[in-house]
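First the structure, in the form of structure tokens, and then the observations on it.
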Amino acid sequence: MNEEKQKHILSALDEYINKVYILVLLLVPGACECAGICYTFSKVMGWLPSVSWVALGVFDITCLMYLAIGIFFIKTGIVDGYVLPKKLKQGQIFLVVIMFIQFNFIVYMIPATDFWGFAFFFVILTSFFLDYKMVAVAAVEIGASIIASWFLYGKIHLPTKDGYFAVNMLDRSVCVALSLSTIVLLTYLLNRFLVNAKKSEMDRNNEKVLNVLTSVKNLSDKLQNAGESLSQISESESASAEELATTNDQLAENSNLLIEKTDESMANLGELHEWAGVVADSVEKVEASSRELLEQSAANQKLLGNLQAINSEVSESMKQTTEFAQKLSAAVQEIGVTLNLISDISDSTNLLALNASIEAARAGEAGRGFSVVATEVGNLANSTRQSLEEVKVIIERVQNNVKEINGQIDENASKLATQNEYFADVFDGMKGMAELLTASVNAVNTMGEAHTKQAEVIRKTVSINQDIAESIKNENEQFCSINEMAKNNASDTAEVTMQANAINNLVEEMSQLLKN
């Protein structure tokens, strides 16, 4: 980016100097190195027997050093495609110095009578920079070196001293003086007039460009304003797009959530249907159990009626038995009285027997007392006989009562057996009722569990439906938001169209300015 910016602000002269800087810094050391290679080849071929290998080696090494230094100046002197002024000055000094050194090195090392002609080549190389001062310095030092070599090494560099010696020297002197001065003058003129003319033209062009740039700047300001508007609209569009994307993501997520909730609701409804089947089965079982329970209750009611009747009969029989028992108790009481009487008779008999014994002991008294005793014993025996008859009657009565009681007891036993049968039937009926009640309770418990499950499923279904309703409400709000953003986007699009038309008009104005 910096290099492109730098290239935009470089003038044509700067571009020329940049190219010449690299070219001359490579060309001058390269020419010296080329000369060293040629002289080394000539030495190897035996064409320069008077030249020392040491001097030739030093020359070749210095040429390599100068080439390396020239490359160093190129590497460090150009930044972002532009030659630094300080490095340009140092490079010019470096070129003037090495031309002076290497020219004199060759003049005094190589026995060449015509080497002075290369002076023009070295001076012309310096003229590439369009710096007449540098060219003048190079011309003066090269010219001075030629003149000095004529005096110091004249036997090699001067022409043969014959009838044309003076003419040849005059020609050389005039050629060197005129050529070097012409190169300096040409460089001066190029630098003075062409460069200045180019500079004046560039100034005029710069003024025109400045005017154009001013107009372009105004247009650029307008474009910037339009761009800022477009940027704001773009940001708004981007924010709307992001919000739309977020809303779409939320809608997709809500849709997925609705699908999940719907699946869950369907599953709950399926489970509810299953539990409805269980409840229906349980209801059927409860109805059947209740129907059987009612029938069993009716049968038990009938058995209980029979049992109540038997119980009434048993109660009446027990009442009669009680009466018979009371009669038997009265008879037994009468027997007790009779037994008491017999006991009294027995006591009297015993007493009479005692008296009879006593009287018998007194046998001597004419048995008068014995007769009385015997009479009393007879009476007592009669009384005892009567009592025994009465006891016999009473015993017969008791026996009859006992028979009646036994019959009553047998009848009661039969009735009790029947009652036990009724009780067994009632017990079996109650047992069946208990089983039916157990089945009913189990069915009711199952119905309760099913009802609990149904209530839970219904609660979940209601909650899911509420979530679905809330999601639908949110989606409606988001759709309203999307509709509002769409309206805003339409408004922004109209604004973008207006700004685009304005930019097109500005572009047409810029194109017209550039054509002018």
Side-chain angles (χ1 to χ4, degrees), residues 2-3 6-7 10 13-45 47-48 50-112 115-146 148-149 180 183 187:
N2 292 332
E3 184 177 356
Q6 189 69 28
K7 286 182 179 180
L10 289 179
L13 182 61
D14 293 330
E15 292 284 353
Y16 171 77
I17 293 299
N18 290 343
K19 298 298 188 292
V20 168
Y21 179 78
I22 299 172
L23 176 63
V24 177
L25 282 174
L26 292 176
L27 188 56
V28 173
C32 295
E33 182 63 31
C34 183
I37 293 173
C38 292
Y39 294 146
T40 302
F41 179 74
S42 299
K43 178 64 176 176
V44 172
M45 297 301 294
W47 298 338
L48 297 174
S50 61
V51 177
S52 172
W53 278 106
V54 175
L56 189 59
V58 172
F59 179 77
D60 290 336
I61 292 172
T62 55
C63 288
L64 292 173
M65 290 174 57
Y66 294 146
L67 183 60
I69 294 172
I71 294 174
F72 171 76
F73 272 108
I74 293 172
K75 291 289 186 181
T76 59
I78 299 176
V79 178
D80 295 332
Y82 178 73
V83 179
L84 300 175
K86 183 178 180 181
K87 289 293 183 180
L88 177 62
K89 194 67 176 178
Q90 292 176 358
Q92 291 175 343
I93 295 172
F94 166 70
L95 291 174
V96 171
V97 170
I98 65 170
M99 281 192 296
F100 177 74
I101 294 173
Q102 295 301 88
F103 184 80
N104 284 281
F105 207 121
I106 294 172
V107 166
Y108 294 104
M109 182 182 65
I110 304 299
F115 184 73
W116 60 273
F118 284 95
F120 309 121
F121 171 74
F122 282 94
V123 176
I124 289 172
L125 288 177
T126 59
S127 67
F128 278 97
F129 284 100
L130 298 179
D131 188 350
Y132 66 93
K133 294 180 180 179
M134 176 184 177
V135 175
V137 171
V140 169
E141 69 178 12
I142 295 297
S145 297
I146 291 172
S149 66
L180 294 178
I183 294 172
T187 305

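Because the structure is a prediction, the values reported are computed rather than measured.
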* Is the shortest heavy-atom distance from the side chain of Ile98 to the side chain of Pro29 under 4.5 Å? -> yes

What closest approach, in Å, do [X] and [Y] show between heavy atoms, and which atom pair accounts for it?
X: Leu27; Y: Leu125; value: CD2-CD2, 3.1 Å
X: Thr76; Y: Leu84; value: O-CD1, 4.2 Å
X: Ile183; Y: Ser127; value: CG2-CB, 4.3 Å
X: Tyr21; Y: Phe129; value: CA-CE2, 4.0 Å
X: Ser145; Y: Phe100; value: OG-CE1, 3.3 Å
X: Ala139; Y: Val123; value: CA-CG2, 4.0 Å

Atom [atom1] of [X] and atom [atom2] of [Y]: how far apart are they, to the nearest 0.5 Å?
X: Asn104; Y: Met99; atom1: CG; atom2: CE; answer: 12.0 Å
X: Ile17; Y: Leu88; atom1: CD1; atom2: CG; answer: 6.5 Å
X: Ile101; Y: Thr62; atom1: CD1; atom2: OG1; answer: 8.5 Å

* Structure fact -> Applying side-chain contact (heavy atoms from CB on, under 4.5 Å) to Glu33 and not counting sequence neighbours gives Ile37, Cys63, Leu64

* **Residues Lys87, Val79; criterion side-chain contact (heavy atoms from CB on, under 4.5 Å); working and verdict** => CA-CA 10 Å; Lys87 289 293 183 180; Val79 178; over 6 Å; no

* **Test side-chain contact (heavy atoms from CB on, under 4.5 Å) applied to Thr40 and Phe59, step by step** => CA-CA 10 Å; Thr40 302; Phe59 179 77; over 6 Å; no

* Asked: Under 3.5 Å, is there a donor-acceptor pair between the side chain of Tyr66 and the main chain of Phe94?
  -> no

* **Exam field: side chain Asn18 to backbone Val83, donor-acceptor pair closer than 3.5 Å** => yes

* Applying the side chain to side chain contact (heavy atoms under 4.5 Å, CB included) test to Ser42, which of Leu48, Ile110, Leu56 qualifies? -> Leu48

* Structure fact -> Given the options Ile106, Val51, Val44, Asp60, Tyr39 meets side chain to side chain contact (heavy atoms under 4.5 Å, CB included) only with Ile106

* Going through the distances and angles, do Ile71 and Lys75 end up as a side-chain contact (heavy atoms from CB on, under 4.5 Å)? -> CA-CA 6 Å; Ile71 294 174; Lys75 291 289 186 181; 4.2 Å; yes

* Given Lys89 and Gln92, is the side-chain contact (heavy atoms from CB on, under 4.5 Å) satisfied, shown in steps? -> CA-CA 5 Å; Lys89 194 67 176 178; Gln92 291 175 343; 4.0 Å; yes

